[in-house]
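All ligand and atom numbering here is 1-based and tracks the order in the structure.
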Amino acid sequence: MKITCHFQPDSSEVDRWIRHFSQLLPDAEVTRWQPGDAPADYAFIWNPSRQFITEQTRLKAMFNAGAGVDAFLKLGLSVSCPLIRLEDAGMGEQMSDYVVQAALHHFRGFDRFQEQQQAALWRQRAPSDKADFPVGVLGFGVLGQRVARDLSAHGFAVHAWARSGRDTIDGIRLFHGEHALGEFLAATRILACLLPLTPETENILNKENLGRLRRGAYVINVARGAHVVDDDLIAAIDEGQIAGATLDVFREEPLPRSHPFWRHPRVRVTPHIAAISLYSDSVRQVVEKIRRIEAGLPVTGVVDTGRGY
Ligand code: NDP
Ligand code: OXD
């Protein structure tokens, strides 16, 4: 069996992935893709080049080295094999830690305490009630569900928004579809975005939708930068409609040094680290799926390219 690994930008990281695959599949030939290579059986990719897709036409499956496939789909290339994404693979816990800390940061007023420290100001604040800080989770998939459940376990009232309808799950009220977005947003004081980036979800955090949130709402974006209209978010913060934001993802990454998010006192920036693909968990998941495919069994995580996720 031949497995080819292709990442853009290419980096020494690929060698580590290759080592992990070779450990779990010692009989497989696992290599870094080079233009003109012979056809492989499986590919492990991140942001592949057009040349790779047009050359590697005999793949049985292509595995995406992350949960989101927007970088791949934006190439607009038709592929004849299934595109399979990572499902949690150790990212759920990281994502949950990130979003829970951001929600607690806002709820406990730590932004204010940071400001007070700058001024050497000792001033206690009356405790807030979590009932006054309902959290809305945009996207109730693999990661959104984990985040919603953990926020709920921390005592927040949580509701979520998805595309397809389901009942309330573990006390989490579910909204679904475009028509329910307004009601979902109106009920939200802390918003966490865990949507895939698709034509339907791009720019979803725009002036209109930010304005539908409860006044003084807090925004956490751990999905993709293009979900947020940057200028609309900054204007909504400056105007007081939004209290602040914790942002992990950006339209342009690395976030340009001149971008106002870096210096805005109400915006916290992290460099796309909310949930990192873990070598061993990810490779174990991919290898298990390769074994199932080889045995003629179905696998989960196959991307519906028409739907965009
Ligand atoms: P899933 O595909 O499991 O879940 C996607 C969810 O979004 C589903 O609930 C889906 O609804 C919902 N959804 C999709 N389109 C719409 C729409 N038009 N309207 C309403 N709901 C919609 O994805 P994951 O949970 O695995 O990952 C989510 C995203 O997180 C990734 O796509 C990626 O962009 C981002 N991510 C970011 C990381 C980081 O480090 N910052 C790390 C990993 C992922 P339904 O349930 O009805 O299908
Ligand atoms: C992902 C990511 O999609 O790391 O997995 O952003």
Side-chain angles (χ1 to χ4, degrees), residues 7 13 17 44-47 63-74 83-99 101-102 136-150 158-167 169 172-185 191-205 209 219-228 245-251 253-255 268-279 281-282 285-286 300-309:
F7 280 39
E13 214 193 304
W17 287 109
F44 188 64
I45 52 144
W46 182 254
N47 196 19
F63 291 93
N64 188 58
V69 290
D70 47 292
F72 179 93
L73 295 180
K74 89 167 177 248
L83 169 64
I84 302 172
R85 69 191 192 87
L86 289 181
E87 299 173 282
D88 191 321
M91 286 187 277
E93 183 177 346
Q94 299 174 65
M95 197 57 106
S96 167
D97 288 348
Y98 186 103
V99 176
Q101 70 76 29
V137 178
L138 282 171
F140 197 62
V142 173
L143 300 176
Q145 288 187 33
R146 170 68 192 258
V147 165
R149 288 199 170 96
D150 288 356
V158 184
H159 50 277
W161 186 66
R163 216 166 72 120
S164 49
R166 270 155 290 177
D167 294 332
I169 295 176
I172 297 158
R173 181 175 172 208
L174 282 183
F175 296 82
H176 69 96
E178 186 61 39
H179 64 282
L181 182 60
E183 199 188 344
F184 165 90
L185 293 169
L191 180 77
C193 180
L194 285 126
L195 288 165
L197 182 63
T198 69
E200 285 80 43
T201 65
E202 187 167 0
N203 299 326
I204 192 165
L205 299 180
N209 286 333
V219 171
I220 303 163
N221 187 22
V222 285
R224 286 292 183 263
H227 286 125
V228 173
T246 293
L247 307 175
D248 183 55
V249 284
F250 305 92
R251 283 176 184 267
E253 295 182 3
L255 182 63
R268 297 199 302 156
V269 167
T270 53
H272 199 145
I273 47 71
I276 305 277
S277 300
L278 302 175
Y279 291 99
D281 297 52
S282 308
Q285 183 175 102
V286 170
T300 58
V302 177
V303 173
D304 178 337
T305 51
R307 208 175 56 164
Y309 69 101

Kindly confirm or rule out an N or O of [X] lying under 3.5 angstrom from an N or O of ligand 1.
| X | result |
| --- | --- |
| R166 | yes |
| Y309 | yes |
| T201 | no |
| I273 | no |
| R224 | yes |
| R163 | yes |
| L197 | no |
| V142 | yes |

Once you round to the nearest 0.5 Å, how far does CG of N221 lie from CZ of F250? 8.0 Å
Rounded to the nearest 0.5 Å, how far does CG of L73 lie from OG1 of T198? 10.0 Å
Using a 4.0 Å heavy-atom threshold (strictly under), name the region of [X] that reaches ligand 1: side chain, backbone, both or neither.
| X | result |
| --- | --- |
| M91 | side chain |
| L195 | both |
| D88 | neither |

[X] to [Y] - nearest heavy-atom pair and separation:
| X | Y | value |
| --- | --- | --- |
| L197 | E202 | CD1-CA, 3.8 Å |
| L86 | S282 | CD1-OG, 3.5 Å |
| C193 | L205 | CB-CD1, 4.2 Å |
| Q145 | R166 | NE2-NH1, 3.8 Å |
| A71 | N47 | CB-OD1, 3.9 Å |
| M91 | L143 | C-CD2, 4.0 Å |

Hey, looking at [atom], which of [options] has the closest heavy atom?
| atom | options | value |
| --- | --- | --- |
| atom 38 (C) of ligand 1 | E178, Q94, M95 | M95 |
| atom 3 (O) of ligand 2 | R85, R224, E253 | R224 |
| atom 5 (C) of ligand 1 | P196, G139, A223 | P196 |

Numbering as shown, the atoms of ligand 2 that approach [X] to under 4.0 Å (heavy-atom distance):
| X | result |
| --- | --- |
| A67 | 1 (C), 3 (O), 5 (O) |
| A275 | 4 (O) |
| H272 | 2 (C), 4 (O), 6 (O) |

Residues, nucleotides or ligands: over 12 heavy atoms within 6.0 Å of E253 CD: yes
Aromatic centroids of F140 and W161 separated by under 6.0 Å: no
[atom]: the protein heavy-atom neighbour that sits closest, reported with distance to 0.1 Å:
| atom | value |
| --- | --- |
| atom 26 (O) of ligand 1 | R85 NH1, 2.8 Å |
| atom 4 (O) of ligand 1 | G141 CA, 3.1 Å |
| atom 42 (C) of ligand 1 | A275 O, 3.3 Å |
| atom 44 (C) of ligand 1 | L143 CD1, 3.5 Å |
| atom 47 (O) of ligand 1 | S164 OG, 2.4 Å |
| atom 28 (C) of ligand 1 | L194 O, 3.4 Å |
| atom 37 (C) of ligand 1 | V222 O, 3.0 Å |
| atom 19 (N) of ligand 1 | W161 CH2, 3.2 Å |

Would you call [X] and [Y] a side-chain contact if the rule is heavy atoms closer than 4.5 Å?
| X | Y | answer |
| --- | --- | --- |
| T246 | D248 | no |
| H227 | V249 | no |
| L83 | I45 | yes |
| S164 | H176 | no |
| E93 | Y98 | no |

Within-cut-off N or O pair, M91 and ligand 2, under 3.5 Å: no
For [X], the ligand 1 atoms whose distance to one of its heavy atoms is below 4.0 Å:
| X | answer |
| --- | --- |
| V249 | 41 (N) |
| E200 | 18 (N) |
| H272 | 39 (C), 40 (O), 41 (N) |
| D248 | 39 (C), 40 (O), 41 (N) |

Parallel, tilted or perpendicular, judged at 30° and 60°: which one describes the rings of F44 and F7? tilted
In terms of relative ring orientation, are H159 and F184 parallel, tilted or perpendicular, with 30° and 60° separating the classes? perpendicular
